[in-house]
**Q** 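Pasting a structure here, questions to come.
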Amino acid sequence: MSILSSAPFSAAEIATEGLKPEEYEEIVHRLGRHPNKAELGMFGVMWSEHCCYKNSRPLLKQFPTEGSRILVGPGENAGVVDLGDGLRLAFKIESHNHPSAVEPFQGAATGVGGILRDIFTMGARPIALLNSLRFGSLNDARTRRLFNGVVSGIAHYGNCVGVPTVGGEVYFDPAYSGNPLVNVMALGLMETPEIVKSGAKGIGNPVLYVGSTTGRDGMGGASFASAELSDESERDRPAVQVGDPFLEKSLIEACLEAFKTGAVVAAQDMGAAGITCSTSEMAAKGGVGIELDLDKIPVRETGMVPYEYLLSESQERMLFVSETGREQELLDIFERWGLHAVVAGSVIEEPIVRILFKGKTAAEIPATALADNTPTYHRQLLTEPPEYARHAWAWTPDDLPTCTAKGIEIQGTQQSWNNILLRLLETPTIASKRWVYRQYDHQVQNNTVMLPGGADAAVVRIRPVEVRSQESGVRSQEDTETQRIANLQSKIQNLKSSPLSPLPGVAATVDCNPRYVYLHPYEGAKAAVAEAARNLSCVGAEPLAVTDNLNFGSPEKAIGYWQLSEACRGLSEACRELSTPVTGGNVSLYNETLDADGTPQPIYPTPVVGMVGLIPDLTKICGQGWHAEGDLIYLLGENCGNFEWGITNVEVSESPHSRTDAINCVSSPLVTLGASEYLATLHGTVAGTPPIVDFELERRVQAVCREGIRQGWLRSAHDCAEGGFAIALAECCISGGRGAEIVVPVGGWGDGEVEEDTETRRHGDAETQKIQNSKFKIQNSSHPTLHTPHPTPHSFRYDHLLFAEGGARIIVSVAPEQVALWEGYLADQLGEHWQKIGRVGSERSCLRIQVADNLPLISVELTDMSDRWQHAIERCLVD
Amino acid sequence: MPQFIKFGVVVFPGSNCDRDVAYVTRDLLHQSTRMVWHEDSDLSDLDVVIVPGGFSYGDYLRCGAIARFSPAMQAVIEHAKQGKYVLGICNGFQVLTEAGLLPGALVKNRDLHFICDRIPLKVERTDLPWTQSYQPDEVITLPIAHGEGSYYADAKTLTELEANGQILFRYCTPSGSLDTDGNPNGSLHNIAGICNSQGNVLGMMPHPERASDPLLGGTDGIKLFQGLLD
């Protein structure tokens, strides 16, 4: 008789727990018997992708995880990096996608609560939150409801718990219509001398349950999170938990106080799979067992059975292992904060999780079977890229209508570059996210140095650990903290009191352009890491480490697995190249929605990169907006208008009469219209290859930007992202409240002279704005008889010049008196990879972009740009 | 007031701006500062009690409605009766109205959303310690961060507040006009902060402690604390 046919469960019951038949057989094999209902449920959640990474683990192994600053890498509740001077930063990202799709407010709120617990479980005080959100189109009423609900939920929890939401990103694309993404990243500063780990230790030590009560809410959320969404998913609403940020705030204070006593041996928060996950992971990590008595657990409803206790995802709960004899000390702290805390079990020698209920054993499973030695699926990778990608890659800019300096005809309508710029500025993905971050308290804790919208990354001051007074009933430093913390504090106090000692800060960002990843998972993932590092560099921070959130479709499908695998390869390579190891993260698969026909529609593959960086001196940072009229503007990275003129048809080109027509402009693969926002928004085309990342160029440009900020040469820095060069310039104008006169260093169509002396032009007279370096090359130099062709105004791709993306590009502005030093440094460090492109205008002036021969492309009033950009999202919501 | 004064900052479960205020009084102004646990009732050593922002007791039921019953708040009421200084910021303002130390109430913002922003305010009166470091009619910028900050009072109360000069701060436009455009949350009479008739109790929705440190930008808020020291 087969295992399955003798099982006390039907195939449907097994499937309901998210287990496959072969996984059930494996469970029986491991236990040497059939599981009972509670045990089956425990396996179901612990073997879900959400908890055990059964599909992604082989891919995650390739990530670089070590570095001189890494104190804690993957595997703990959060990663920890060393900031120097004894300061240690814990950080982690986590998704709450499926709960948010079903119940956006609570789904997003509890996402915030969950990631905060990961941080303070380590002994760190949460100091900042960021979030990375993806929604469908705002034209859709359901999306507007989801968007509103998610933002309100994040605001509700984050504001109340008193952790500032300092940054983030929001994208809108129909690919996320039924399956929004809600990824939340938290940062915390270690307050305890030792990092609190999760491995249980010390046979006989008491196991404490602390925090909120256990109820039936959030039953089986981890399994739910690892399945596709359908119209029926709304019926799974009980699988969405309800959060209490007030309770969490008290839990933060009580936990940090408890950790400082030194009586806590290990701690783990109860997130997905609640009691099951925390007991089995703590036991497995410590190589011991845990016995837990469910009758001791404080409950919020009666009549619950073990299955419900074990799978409940009630929020704001933690499991501690205490030193024997010191448990009362801990219980008292929690009582003072009005929280539940009970001794509910103990650490046992036998490496099993034993659950007691009403005096009997309700479940007994080897801890490693649940948490450690979990199933892994090695899937077959496609031998060649899938059809959709190959088809997309066949796109070239030649597929677009031709354009002139005046504009381009799109679907029968002539559009000026001015109009296109304004149209892109009001695209919700590019437009100001003020409507969103204005609802988040981004200043609480009084450390927010860069306000949202002001810079390419969030910047938070690192402030010393707070000391509280004995007489207030809150413990003082002397009797709760070790000498090491005291020393650290006095050190920081000294730093603060001396005007000569710089005050350090951290910068953080979350980034992913999912269209890039969809069109080319490997290059797109590399671009996400490069952009994150570039954003940190733009505020003057040195990138340190990464936490990643892999949001993908089903890995059981060939394309889904190809996307996941290729993106992981790209992430690994980029993190290695940019020296930013991965310290952990989150995997969210099965992000697909079944449409009315029952066909699963996957989201764009979205590997969100959360990155943290160190700012040694908070007085040396940069925002993105222009600072003062007359400052000079430079473009770092791949040159603007850097085309290589290729011959696509040699036969034709050898005929002198048709030569011009046969010469096509081929741009550098580093800067492309392929996968661009312009292509998607204006032409309705999602195709082409995204920009290729050149790591050497990235490293050099970013280092130059950081050094320019450190030296005080730069007054602003902003990277070119969605919308390319022109949109980045517009954002610098809006943010700084000043216009700009830009002369793009291409042109020279009038005199037939194309190959120019870059050196003399580059460092020529800045005042005349006769700008530098037009670098036209003949790609096929084996045809020496050909004259150097030059593009005519009608064959030139002005849209490429204005709106192409990529190229490790950063726009900076520099005070005139610093120009000599700055340019000397640039010439030394970047060779040809920089251009002086213009100067900052007055308040209330225009953004004017022209090419070198005075051909105007764009001239837009600052107020027009601001109006479109500032209010676009609000307008979408009231429509 | 003496040049060195002792501040106390009340800590309720759910307070989250307590440390921020203490940072200003203790670290920036070098004044003696202690935290007052919500169960404490002896405030006799304190010159100024600050009820900070946050979500006291989760703000369940109604903002500030539970906090008023705490032992610390009973002591704060006594402290105020003795003519000593009490400052309520944001949630602290809500608590002071619930406790009856200030008239009126704070209700949901006009657009129903939480608002975190930097807002211009007009300083209405500069003859009290709270505002003596400002210029008459000065327009200052302070951060706000609240979901329920729209000041409401009945017509009679408003008339009294106006007549007694109890309105210390009003929301305004950057140029100082007291119109709807300059009113972020729908407060009646653009009220951002009021004092009691004796002038020793001040409640305000904006956060002066968030505009005190030059490193973070604005410093219009620290003058309020400095005023108490002069």
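Just so it is clear, the structure is predicted and the values come from calculations on it, not from any experiment. Atom set for the values below is all heavy atoms of this structure, side chains included, hydrogens, waters and symmetry mates excluded. Naming: A, B, ... by sequence-line order, numbering from 1 per chain.
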**Q** Quick check on N447(A) against chain B: is it the side chain, the backbone, both or neither that has a heavy atom closer than 4.5 Å?
**A** backbone

**Q** Which of the residues V459(A), L451(A), T448(A), L618(A) is involved in the greatest number of heavy-atom pairs with chain B at under 4.5 angstrom?
**A** L451(A)

**Q** Taking the side chain as everything from C-beta on, heavy atoms only, tell me whether N446(A) gets closer than 4.5 Å to L216(B).
**A** yes

**Q** With chain B as the partner, which of R434(A), Q445(A), H442(A), M450(A) has the greatest number of non-hydrogen pairs under 4.5 Å?
**A** H442(A)

**Q** Going from CD on Q443(A) to CZ on R118(B), what distance comes out if it is rounded to the nearest 0.5 angstrom?
**A** 4.5 Å

**Q** Which residues, numbered in order, of residues 206-214 of chain B come under 4.5 angstrom of chain A by heavy-atom distance?
**A** E209(B), R210(B), D213(B)

**Q** Atom CZ in F55(B), atom NZ in K249(A): separation rounded to 0.5 Å?
**A** 11.5 Å

**Q** Fit a plane to each ring of W337(A) and W37(B), take the angle between them on a 0 to 90° scale, and name the class: parallel (under 30°), tilted (30 to 60°) or perpendicular (over 60°).
**A** perpendicular

**Q** Do any of residues 73-80 of chain B come closer than 4.5 Å to chain A, heavy atom to heavy atom, and if so which ones, in number order?
**A** none

**Q** Under 3.5 Å, side-chain donor or acceptor atoms of residues 138-149 of chain B against the rest of the protein: list the pairs with distances, not counting sequence neighbours.
**A**
from, atom 1, to, atom 2, distance (Å)
E138(B), OE1, Q135(B), N, 2.7
H146(B), NE2, N185(B), ND2, 3.0

**Q** Out of curiosity, R463(A) CZ to L215(B) CG, how far, rounded to the nearest 0.5 Å?
**A** 11.0 Å

**Q** How long is the straight-line distance from SG of C116(B) back to OH of Y437(A), given to the nearest 0.5 Å?
**A** 10.0 Å

**Q** Side chains of R438(A) and F114(B): closer than 4.5 Å at any heavy-atom pair?
**A** no

**Q** Tell me if the CD atom of E39(B) is crowded by more than 12 foreign heavy atoms within 6.0 Å.
**A** yes

**Q** Could you tell me if the side chain of H113(B) sits less than 4.5 Å from the side chain of N148(A), heavy atoms only?
**A** yes

**Q** Using distance only, find each side-chain donor-acceptor pair of residues 154-162 of chain A under 3.5 Å and give its atom names and separation, not counting sequence neighbours.
**A**
from, atom 1, to, atom 2, distance (Å)
Y157(A), OH, E248(A), OE1, 3.1
Y157(A), OH, E316(A), OE2, 2.5
N159(A), OD1, D441(A), N, 2.7
N159(A), ND2, A155(A), O, 3.1
N159(A), ND2, Q439(A), O, 3.1

